[in-house]
Participant: 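Right, I'll just put the structure down here and ask away after.
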Protein chains: 2
Amino acid sequence: MAKPSFRQQMLQVREDAIVASVNRLLAEKGFDLMTVDEVAADVGIAKASLYKHFVSKEALAAAAMVRVLRDTLDVVRQQAARPDVDACERLQAVTRWALQRQLAGEMPTLPSQNSTLRAELIGNKAYIDLLMQVSEQLGEWIVAAQADGRIDRTLPPEVVLYTLFARACDPVPGVLKSGGQYRDEQIVDWVLAICFRGLATRPN
Amino acid sequence: MAKPSFRQQMLQVREDAIVASVNRLLAEKGFDLMTVDEVAADVGIAKASLYKHFVSKEALAAAAMVRVLRDTLDVVRQQAARPDVDACERLQAVTRWALQRQLAGEMPTLPSQNSTLRAELIGNKAYIDLLMQVSEQLGEWIVAAQADGRIDRTLPPEVVLYTLFARACDPVPGVLKSGGQYRDEQIVDWVLAICFRGLATRPN
DNA sequence: GTCTATAGCCAGATAGAC
DNA sequence: GTCTATCTGGCTATAGAC
């Protein structure tokens with residue numbers, strides 16, 4: 001791979017700044033309420049310039065989702081590299097990271113209903129590839145945790161997987177945070193504990 | 001209270017039809033993607049006629065939310081009237097009802113971010129009153145279930161309350177249903193079991 | 001590639017006849 | 001109260017100069 005020119009590096013930096021803004025605005029307002037004008041103002045460039053980098057609002061959102069999946073995959077790999085840690089603890093570590101990111105206002109949320117956005121994402125190879133990679137690694141850990149007796153064997157692995165994914169858009173942490181009487185760390189501990197106790201093997 | 005005239009009864013019936021449509025469309029597409037034109041078409045009247053009944057799109061959504069809270073309060077009272085049922089089982093019954101309604105496509109969801117909608121709801125006395133009544137009864141049951149040892153005593157009751165409320169907009173049931181390989185009843189059982197096992201008293 | 005200016009569209013809300 | 005027709009504003013997206 002050739003060394004990128006200075007010009008290309010500047011472009012990359014700018015696009016990173018755009019995606020970072022989109023990521024934050026998406027977390028704050030969601031796709032439908034986020035406007036391209038806001039993104040442009042937040043980045044500090046003209047709206048028309050944004051459209052030179054990304055062909056549509058949907059493409060902007062997709063780029064933010066790809067970014068968050070890349071970050072997720074980094075965390076997943078980091079957990080996979082830890083020696084002497086069982087599968088259930090790896091799952092908890094990844095889920096904890098997602099909850100922390102959500103509380104920090106940096107977890108973009110997508111309306112599951114918007115069909116134009118769904119079409120864009122399904123057609124986005126990078127997004128689908130990353131989603132598959134994350135799902136496969138988490139799926140392996142889920143099966144292992146069931147074999148270990150840490151997670152209920154009677155639950156289909158996909159039910160467990162979706163339950164974990166759902167923590168990334170769980171409204172409970174935000175509501176508790178807005179109440180203002182608990183520390184972020186405390187909130188994460190509660191939500192994580194409730195989640196994994198719920199998935200645990202039934203005591204007999 | 002005077003007997004309503006025939007004309008008033010017809011009006012009431014029409015408004016009920018409007019609210020029913022809004023309820024369904026809100027569940028299907030959410031507030032931002034639901035258009036007033038769609039509601040009018042679904043009810044079978046002109047858009048301008050809708051605005052004679054409800055002053056804004058936000059008011060339409062608020063009416064649907066009031067309706068679902070009224071239905072919820074009915075279920076809550078029905079549970080309160082059952083003899084020889086402990087608090088935890090009452091909570092489970094109400095939560096089960098909410099999950100069933102969601103799977104039936106009749107649980108309207110509100111974007112927590114839309115500020116115009118939040119303002120409308122906070123200013124809506126009927127909505128706030130109903131929300132308080134439901135919350136208070138559920139709160140009592142939560143405290144009782146903690147005293148019974150059915151729910152973890154170390155969790156603040158409001159954390160438990162929000163966790164239960166969140167089942168009404170949990171994405172997991174919908175995702176599992178869209179997969180098409182499980183019966184609704186099975187899905188509800190899993191989500192309910194995961195939820196309440198998560199809240200249960202820690203085994204020692 | 002960046003900007004200003006604007007096209008085009010769509011959805012919420014209203015006017016005014018009946 | 002119901003309708004048809006229209007207004008209005010805001011948003012996505014683009015034209016065209018530099």
Side-chain angles (χ1 to χ4, degrees), chain A residues 4-19 21-22 25-26 28-64 108 110-111 113-121 123, chain B residues 4-19 21-22 25-26 28-64 108 110-111 113-121 123:
Chain A
S5 70
F6 179 73
R7 177 181 297 273
Q8 283 171 330
Q9 284 185 45
M10 291 309 297
L11 264 182
Q12 187 57 46
V13 168
R14 168 138 300 180
E15 294 205 350
D16 285 348
I18 294 171
V19 174
S21 280
V22 171
L25 287 169
L26 225 42
E28 184 187 327
K29 331 184 64 169
F31 181 77
D32 296 322
L33 267 54
M34 178 187 83
T35 70
V36 178
D37 288 84
E38 276 174 325
V39 177
D42 196 66
V43 179
I45 63 175
K47 179 164 57 168
S49 304
L50 263 191
Y51 278 95
K52 296 287 180 181
H53 292 274
F54 299 92
V55 297
S56 69
K57 183 183 177 183
E58 282 76 15
L60 274 175
L110 294 188
Q113 296 116 339
N114 189 316
S115 52
T116 69
L117 190 48
R118 282 189 73 83
E120 172 87 19
L121 286 176
Chain B
S5 71
F6 179 73
R7 179 180 296 273
Q8 282 171 331
Q9 284 184 47
M10 291 309 296
L11 264 182
Q12 188 57 47
V13 167
R14 169 138 299 183
E15 294 206 350
D16 285 349
I18 294 172
V19 174
S21 280
V22 172
L25 287 169
L26 226 41
E28 184 187 327
K29 330 184 64 168
F31 181 76
D32 296 322
L33 268 55
M34 178 188 83
T35 69
V36 178
D37 290 84
E38 276 173 325
V39 176
D42 195 65
V43 180
I45 63 176
K47 179 163 59 167
S49 302
L50 263 192
Y51 278 95
K52 297 286 180 181
H53 292 275
F54 299 92
V55 297
S56 69
K57 183 184 177 184
E58 283 77 15
L60 275 176
L110 294 188
Q113 297 120 338
N114 190 317
S115 51
T116 70
L117 189 49
R118 282 189 73 81
E120 171 86 19
L121 286 176

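Each chain gets a letter, A, B and so on, in the order the sequences are listed, and its residues count up from 1.
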Participant: Can you figure out which of D/dA15, D/dT4, D/dT12 approaches the side chain of A/Ala48 most closely?
Facilitator: D/dA15
Participant: Return whichever of A/Asp32 or B/His53 has its heavy-atom-nearest nucleotide of DNA chain D closer to the 5' end.
Facilitator: B/His53
Participant: Heavy atoms only: give me the nearest A/Ala64-A/Val22 pair and the separation to one decimal.
Facilitator: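 Heavy atoms of A/Ala64 and A/Val22 come nearest at CB-CG1, 3.7 Å.
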Participant: What nucleic acid atoms does B/Thr35 come within less than 4.0 Å of, heavy atoms only: base, sugar-phosphate, or nothing?
Facilitator: sugar-phosphate
Participant: If I take atom CG in residue A/Asp37 and atom P in nucleotide D/dT12, what distance separates them, rounded to the nearest angstrom?
Facilitator: 6 Å
Participant: Find the distance A/Lys57:NZ to D/dC11:P and express it as a whole number of Å.
Facilitator: 9 Å
Participant: With a 4.0 Å cut-off on heavy atoms, is A/Arg14 in touch with a base, just the backbone sugar-phosphate, or nothing at all?
Facilitator: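 It contacts sugar-phosphate atoms only.
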Participant: Report the distance from atom OG of B/Ser21 to atom CD of B/Glu38, rounding to the nearest 0.5 Å.
Facilitator: 10.5 Å
Participant: Heavy atoms under 4.0 Å, any strand shown: does A/Met10 hit a base, just sugar-phosphate, or nothing?
Facilitator: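 If one applies the 4.0 Å heavy-atom cut-off, A/Met10 turns out to touch nothing in the nucleic acid.
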Participant: Name the first nucleotide and the last nucleotide along DNA chain C (5' to 3') that come under 4.0 Å of a heavy atom in chain A.
Facilitator: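 The contacted stretch runs from C/dG1 to C/dT4.
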Participant: Working to the nearest 0.5 angstrom, can you tell me the gap between A/Asp42 CG and A/Leu25 CG?
Facilitator: 5.0 Å
Participant: With heavy atoms under 4.0 Å as the rule, sort A/Lys52 into base, sugar-phosphate or nothing.
Facilitator: base
Participant: Rounded to the nearest 0.5 Å, what separation is found between the CG atom of B/Leu60 and the OH atom of B/Tyr51?
Facilitator: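 Here the rounded value is 7.5 Å.
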Participant: Whole angstroms only, please: what is the CZ-P distance between A/Phe54 and D/dA13?
Facilitator: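 Rounded to the whole Å, the gap is 14 Å.
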Participant: For D/dT14 and A/Tyr51 - does any side-chain N or O of the residue sit under 4.0 Å from the phosphate oxygens OP1/OP2?
Facilitator: no
Participant: Hey, what do you get for CZ (B/Phe31) to CG (A/Leu33), rounding to the nearest 0.5 Å?
Facilitator: 9.0 Å
Participant: What is the distance from atom CG of B/Leu117 to atom CG of B/Leu121, rounded to the nearest 0.5 Å?
Facilitator: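 B/Leu117 CG to B/Leu121 CG: 5.0 Å, rounded to 0.5 Å.
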